[in-house]
Asker: 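Below: one structure in C-alpha cells.
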2 protein chains.
Amino acid sequence: MARTVNERPDAVAALAEVFREYGYEGASLSVIAARTGLGKGSLYHFFPGGKEEMAGAVLAEIEGWFERAVYAPLREEADAPAAIRRMFRETDAYFRSGRRVCLVGAFALGEVRDRFAARIDGYFAAWRDALAGALRRAGHGEPEEAAEHVVSAIQGALVLARAVDDPAVFVRALRRLETGLGLPAPGA
Amino acid sequence: MARTVNERPDAVAALAEVFREYGYEGASLSVIAARTGLGKGSLYHFFPGGKEEMAGAVLAEIEGWFERAVYAPLREEADAPAAIRRMFRETDAYFRSGRRVCLVGAFALGEVRDRFAARIDGYFAAWRDALAGALRRAGHGEPEEAAEHVVSAIQGALVLARAVDDPAVFVRALRRLETGLGLPAPGA
DNA sequence: CGCATTCTTTACCGATCGGTACACACAGTT
DNA sequence: AACTGTGTGTACCGATCGGTAAAGAATGCG
C-alpha cells in the first residue's frame, strides 16, 4: 500500500465546518472540494457513499467527541458535580462561546433529519441520559426533567445567539443553567 | 383588471410549510410549484424576486402573526400575567405542540441567516423585548434575563422535540418555563 | 529496481437547479 | 365586441447539481 497517511480525519474536520456553515443541501460538492482541498476523485475515494457518507462521518466524529469529552465523564466520574461543571466548560469551548453552531441541532430542524434520524436521536438522548444520571448522583431532585431542560436550553441558546448575532447570549445561558442546578460549591 | 382574487396569501401559507419542511436550499422551485399548486409562471408573477422574495414574504407573514397574537398583547395588555399566559398558549398552538418547527430559528442556523439577518434578528428581539416588558410590569425581578431565557428555551425545545421525535418534550418545556416565572395565580 | 496499491486529476454524465420569455387564457370595463 | 391588464402554461436558458470512469501520479514493499 502507499501513502496511507490518514488525511481522512483532516477531511472530516473540514467537512464538519462546511456542513455547519452551509447545511446539508447547501454544502455542494464544489464548495466541499474547495474547503477540504480535495478533488472530487479523492472525496469519492475516501467517501464512496458520497455526500451522505461524508455527513455521516461528521456526525459520527461529533458524537465520538462528545462521548469522550462529556458523556463518559458524566457517567463515570465519581465526583458528579465536577463532571457536570466540566460539561459546561467543554460545551462552552466546543461551541466557541456561541460562535459555532450545533450541526446536529441544525440537521434536526431540516428534512435531513429523516436521513440521519438514528444518529441525531442518539446524540441528544445520550447527552440527556448521561446528564440525568450525573444529576441523580449529585442529589438533584428531578434529574430527568432538569437534564432535558439543560440540553434543550443549550440548543436554544445557540439558535438565539446566532439569530441576534450575539454570542454573549450563549455564555449567559450556560451560566444561568449551571447556577440554576444548585450544585454544591466546587470546594465542598 | 381581472381575477384579482388574492391567491397570494394562500400561496404564502403553502410556502411557509414548504420552507419549514425543506429549508431554504432544499425547497426547490419544482417542489414549491407542486405544493402551492402554482406553475412557475404564476409564482414569478406573484413573487418577481423569485425564491428570495417568497421566503421574505413568509418571514414577514410569520412576524406579522406573532406581532398580532403575541407581541402586541404582551406590550399593551393591562393584565401582564394574563398576556404572558396567553403567549404560552398561542406558542403551543402555533407550533402544534412541538410538531411544527420554527422557520425563523431554522433559518438562523443556516447560511440563509445572512440573507434575512434583519428579519430574523427582528423577530427574536421583538419577542424578547415584548416579553421583558410584560415581565417587568408583572413584577418580575430580572425581566430581561428571564425573557431571554424563555425565548431561547422555546427554540431549544423545538429543536430537541424534533431531534428525538417526541413533541411532548416541547409541551413539558412550555409548562416548566411558565411555572418557572412564578406568575400570580390566574384568579388573583 | 519492479510492482501493487493508494490517491489524484480530469473529463464527462444526465438531471435538476433558479430564472426568463412569451404566447395565451381569462375577466372587467367600455 | 374590442380593449386592457391579471394570471398561467410551456418551452427554454446557462449553470450547477451529485456522481462516475478511467488514466496517471505518487508511494511503500518485495
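Lettering of chains follows the sequences in order, A, B, ..., and the numbering in each one begins at 1. When reading the values below, keep in mind they use all heavy atoms of this one structure, side chains included, and skip hydrogens, waters and symmetry mates.
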Asker: Between the side chains of B/E67 and B/R75, is the shortest nitrogen-to-carboxylate-oxygen separation below 4.0 Å, so that they form an ion pair?
Answerer: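 The answer is yes: the pair qualifies as a salt bridge.
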Asker: Do any of residues 47-56 of chain A sit with a heavy atom less than 4.0 Å from DNA chain D, and if so which?
Answerer: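 Contacts with DNA chain D under 4.0 Å: A/G50, A/K51.
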Asker: Using a heavy-atom distance cut-off of less than 4.0 Å, which residues of residues 23-43 of chain A contact DNA chain C?
Answerer: A/G41, A/S42
Asker: Using side-chain heavy atoms (C-beta onward) and a distance below 4.5 Å, is B/V18 in contact with B/E21?
Answerer: no
Asker: Please confirm whether the shortest side-chain N or O distance from B/H45 to OP1 or OP2 of D/dT8 is below 4.0 Å.
Answerer: no
Asker: Describe, in one word, how the ring planes of B/F170 and B/F95 are oriented to each other, choosing from parallel (under 30°), tilted (30 to 60°) and perpendicular (over 60°).
Answerer: perpendicular
Asker: Not counting sequence neighbours, which residues clear salt bridge (charged side-chain N to carboxylate O under 4.0 Å, His left out) with B/R86? List them please.
Answerer: B/E90
Asker: Check this for me: A/E142, atom CD, are more than 12 non-hydrogen atoms of other residues, nucleotides or ligands nearer than 6.0 Å?
Answerer: no
Asker: Taking only residues two or more places apart in sequence, or in another chain, which ones meet A/E61 in a salt bridge (charged side-chain N to carboxylate O under 4.0 Å, His left out)?
Answerer: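 Listed in chain order: nothing, the list is empty.
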Asker: Return a table of donor-acceptor pairs under 3.5 angstrom between the side chains of residues 101-121 of chain B and protein atoms on other chains or two or more places apart.
Answerer:
{"residue": "B/R113", "atom": "NH1", "partner": "A/R162", "partner atom": "O", "Å": "3.0"}
{"residue": "B/R113", "atom": "NH1", "partner": "A/A163", "partner atom": "O", "Å": "2.9"}
{"residue": "B/R115", "atom": "NH1", "partner": "B/E52", "partner atom": "OE1", "Å": "3.1"}

Asker: Classify the ring geometry of A/W127 against A/F66: parallel below 30°, tilted from 30° to 60°, perpendicular beyond 60°.
Answerer: tilted
Asker: Can you tabulate the close N/O pairs, meaning under 3.5 Å, that link protein atoms to atoms of nucleotides 23-25 of chain D?
Answerer:
none

Asker: I'd like to know if the side chain of B/R137 reaches the main chain of B/E77, judged simply by a donor and an acceptor atom lying under 3.5 Å from each other, with no hydrogens or angles considered.
Answerer: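 Yes; judged by distance alone, with no hydrogens or angles, the pair exists.
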